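Just so we're clear, the structure is a prediction, and the values are computed from it rather than from any experiment. Numbering of ligands and ligand atoms starts at 1, following listing order.
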Amino acid sequence: MIVTINKRTPAAERERITTELRRQQNIVTEEIVGQNKIAYALLGDTARINPDLIEQISPFIEQVLRIEKPFKRASLEFRQGQPSEVTVSTPNGAVTFGQNHPLVIIAGPCSVENEEMIIDTARVVKAAGAQFLRGGAYKPRTSPYAFQGHGESALGLLAQAREATGLGIITEVMDTADVEQVAAVADILQIGARNMQNYPLLRKVGAKNKPVLLKRGLSATIEEWLMAAEYILDAGNPNVILCERGIRSFDSKYTRNTLDLSVVPVLRSLTHLPIVIDPSHATGKSEYVPTMAMAAIAAGTDSLMIEVHPNPAEAMSDGPQSLTLENFVRLMQEMMPLAQFCGRGSTLSLPTATTSKVSFLSKSRS
Ligand code: PEP
Ligand code: MN
């Protein structure tokens, strides 16, 4: 339930309202200061509350609104329609995921394989304009016999790549026991599709003050996904970013998954949380990634996560969906004007840096 009051409500009256809400309703009250209004969120068992009684507490109370959705903190109503922003500090500066900010690019390999490949990839994606390097140290694999990630040593390589390029790091945490260790390196903790409903893990990352990228489960409904986000928000971490990475459908012959791009407008009508689209896992084939990346920008995504590998044919995981470094640079050159056109352009001028990095590529490879 949301109680909005006039922004000009005197401090003493605000204090009195919150005390009364707590006393009368015996429920958790949280203050949310919006652009034009101040609101109190009443959380917990609000079904028994009579809105008329709340309105009588103060003449400064303007509206008492019941949030009908099962996801309360994740709902758009919780922030009175205002999109939330997730700001991440990276060595290169603060980067904000949000509707009124430039498109954020996350790029890197599926797995961190060795020092040379991760540093090379980091340098190139940085020069091409990405703000974050992705790379798995702990990999959720369908087969127990497949490469499971280099674990702790890969985290060390990500830290080195961060140091070398200043890029923020995003990497997956699969186990509650690893949260501290992964959070020591990651600027954003990734919860993978297969762990979207791992509630102890959601609560654990929710108890940290590190931004969390929550991937949509392989067959999760939008509501289940938002309820998973609610676990993290309810545990005290407001910095949640949603990532659509394709869902299971009946055709797995020509695409790995089906990219549900309709989530962009649908989520906008339901939640204030920022959105990332991952066209790599969604399509499973590198040749389809550029088209779907462009479509995601046109649909209004806040960010893209793209898998990139110096030699996809030899990749230890997800090679078929990984762009080569050269193709990633080319895609960035194509995407940035579209982002600009959609009002999500970066203030940085990318082309010169990008060109010089293309020559870095040819030099390092000759
Ligand atoms: C990944 O990002 O490499 C990954 C394993 O993603 P997902 O959880 O979406 O399958
Ligand atoms: Mn992958």
Side-chain angles (χ1 to χ4, degrees), residues 104-113 117-118 121 125 130 132-144 146-151 154-155 157-158 168-175 178 182 186-198 201-202 205 211-220 222 224-225 228-229 232 240-249 252 255-261 263 275-286 288-289 292-293 296 301 303-324 328:
V104 177
I105 304 293
I106 304 163
C110 181
S111 311
V112 178
E113 297 174 8
M117 69 82 77
I118 196 69
T121 307
V125 302
F132 288 91
L133 176 70
R134 61 147 290 143
Y138 295 100
K139 296 303 304 175
R141 304 306 300 281
T142 304
S143 165
F147 173 60
Q148 306 284 307
H150 289 308
L155 291 176
L157 296 179
L158 286 170
I169 299 294
I170 168 158
T171 192
E172 177 162 356
V173 57
M174 286 172 53
D175 193 321
D178 299 329
V182 177
D187 297 286
I188 302 178
L189 295 167
Q190 175 172 323
I191 299 294
R194 289 156 191 82
N195 270 317
M196 189 204 82
Q197 287 179 313
N198 180 339
L201 186 59
L202 298 178
V205 297
V212 177
L213 180 107
L214 178 65
K215 287 194 148 195
R216 183 180 183 181
L218 276 73
S219 58
I222 290 172
E224 286 164 344
W225 187 17
I232 305 171
V240 178
I241 306 163
L242 299 167
C243 178
E244 161 66 35
R245 44 78 72 209
I247 47 174
R248 274 288 163 83
S249 85
S252 55
T255 58
R256 185 176 179 188
N257 292 294
T258 298
L259 177 57
D260 182 4
L261 255 193
V263 295
I275 304 170
V276 176
I277 298 290
D278 169 353
S280 306
H281 291 86
T283 61
K285 294 200 166 90
S286 59
Y288 305 137
V289 168
M292 299 321 288
T301 189
S303 169
L304 283 163
M305 178 188 254
I306 297 175
E307 282 189 343
V308 181
H309 193 285
N311 184 3
E314 300 284 315
M316 296 173 87
S317 59
D318 286 349
Q321 68 195 34
S322 301
L323 295 182
T324 60
F328 175 73

(request) For the Mn ion (ligand 2), check which protein N, O or S atoms are under 2.8 Å away and list them. (result)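 Less than 2.8 Å away from the Mn ion (ligand 2) sit Cys110 SG, His281 NE2, Glu307 OE2, Asp318 OD2.
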Give the numbers and elements of all ligand 1 atoms closer than 4.0 Å to a heavy atom of [X].
X      : value
Lys139 : 1 (C), 3 (O), 5 (C)
Ala193 : 7 (P), 8 (O), 9 (O)
Cys110 : 3 (O)
Gly192 : 8 (O)
Glu307 : 3 (O)

Side chains of [X] and [Y]: closer than 4.5 Å at any heavy-atom pair?
X      : Y      : answer
Val289 : Ile306 : yes
Asn257 : Ile247 : no
Met316 : Gln148 : no
Asp187 : Ile170 : no

(request) Give the residue and atom name of whichever protein heavy atom lies nearest to atom 4 (C) of ligand 1, and the separation in Å to one decimal. (result)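 Result for atom 4 (C) of ligand 1: His281 NE2, 3.4 Å.
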(request) Quick one: look up the protein heavy atom nearest atom 2 (O) of ligand 1 and list residue, atom name and how far away it is. (result)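 Residue, atom and distance for the closest contact: Arg134 NH1, 2.8 Å.
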(request) Answer yes or no: does an N/O atom from Glu172 fall short of 3.5 Å to an N/O atom of ligand 1? (result)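 Min N/O separation from ligand 1 is not below 3.5 Å for Glu172.
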(request) Say whether Arg194, considering both its backbone and side-chain N or O atoms, lies within less than 3.5 Å of an N or O atom on ligand 1. (result)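 Yes, Arg194 has an N/O under 3.5 Å of an N/O on ligand 1.
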(message) Regarding His150 and Glu113, do their side chains bring together a donor and an acceptor under 3.5 Å, going by distance alone?
(response)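 The answer is no; no qualifying pair exists.
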(message) For Ser317 and Ser111, which I'm curious about, is there any donor-acceptor pair between the side chains at under 3.5 Å?
(response)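 The criterion, which ignores hydrogens and geometry beyond distance, is satisfied for Ser111 and Ser317.
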(request) Could you name the option among Arg216, Lys215, Arg245 that has the heavy atom nearest to atom 6 (O) of ligand 1? (result)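 The option holding the nearest heavy atom is Lys215.
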(request) Assess whether atom CZ of Arg141 is packed by more than 12 heavy atoms of other residues, nucleotides or ligands within 6.0 Å. (result)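 Enclosed.
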(message) Heavy-atom pairs closer than 4.0 Å: do any link ligand 1 to the side chain of Gln190, the backbone, both, or neither?
(response)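 Side chain only; the backbone of Gln190 stays clear of ligand 1.
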(request) Considering non-hydrogen atoms only, spot the tightest contact between Leu201 and Met174 and give its length. (result)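 That closest heavy-atom pairing would be CD2-O, 3.7 Å.
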(request) Would you name the heavy atoms of Val308 and Thr121 that are closest together and state the gap between them? (result)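 Shortest heavy-atom separation between Val308 and Thr121 comes out as O-CG2, 4.0 Å.
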(request) May I ask you to say whether Arg256 pairs ionically with Asp318, meaning some side-chain N is under 4.0 Å from a carboxylate O? (result)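 Yes, Arg256 and Asp318 are salt-bridged.
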(request) Using a strict 4.0 Å threshold on nitrogen-to-oxygen distance, state whether Glu307 and Arg134 make a salt bridge. (result)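 Salt bridge: yes.
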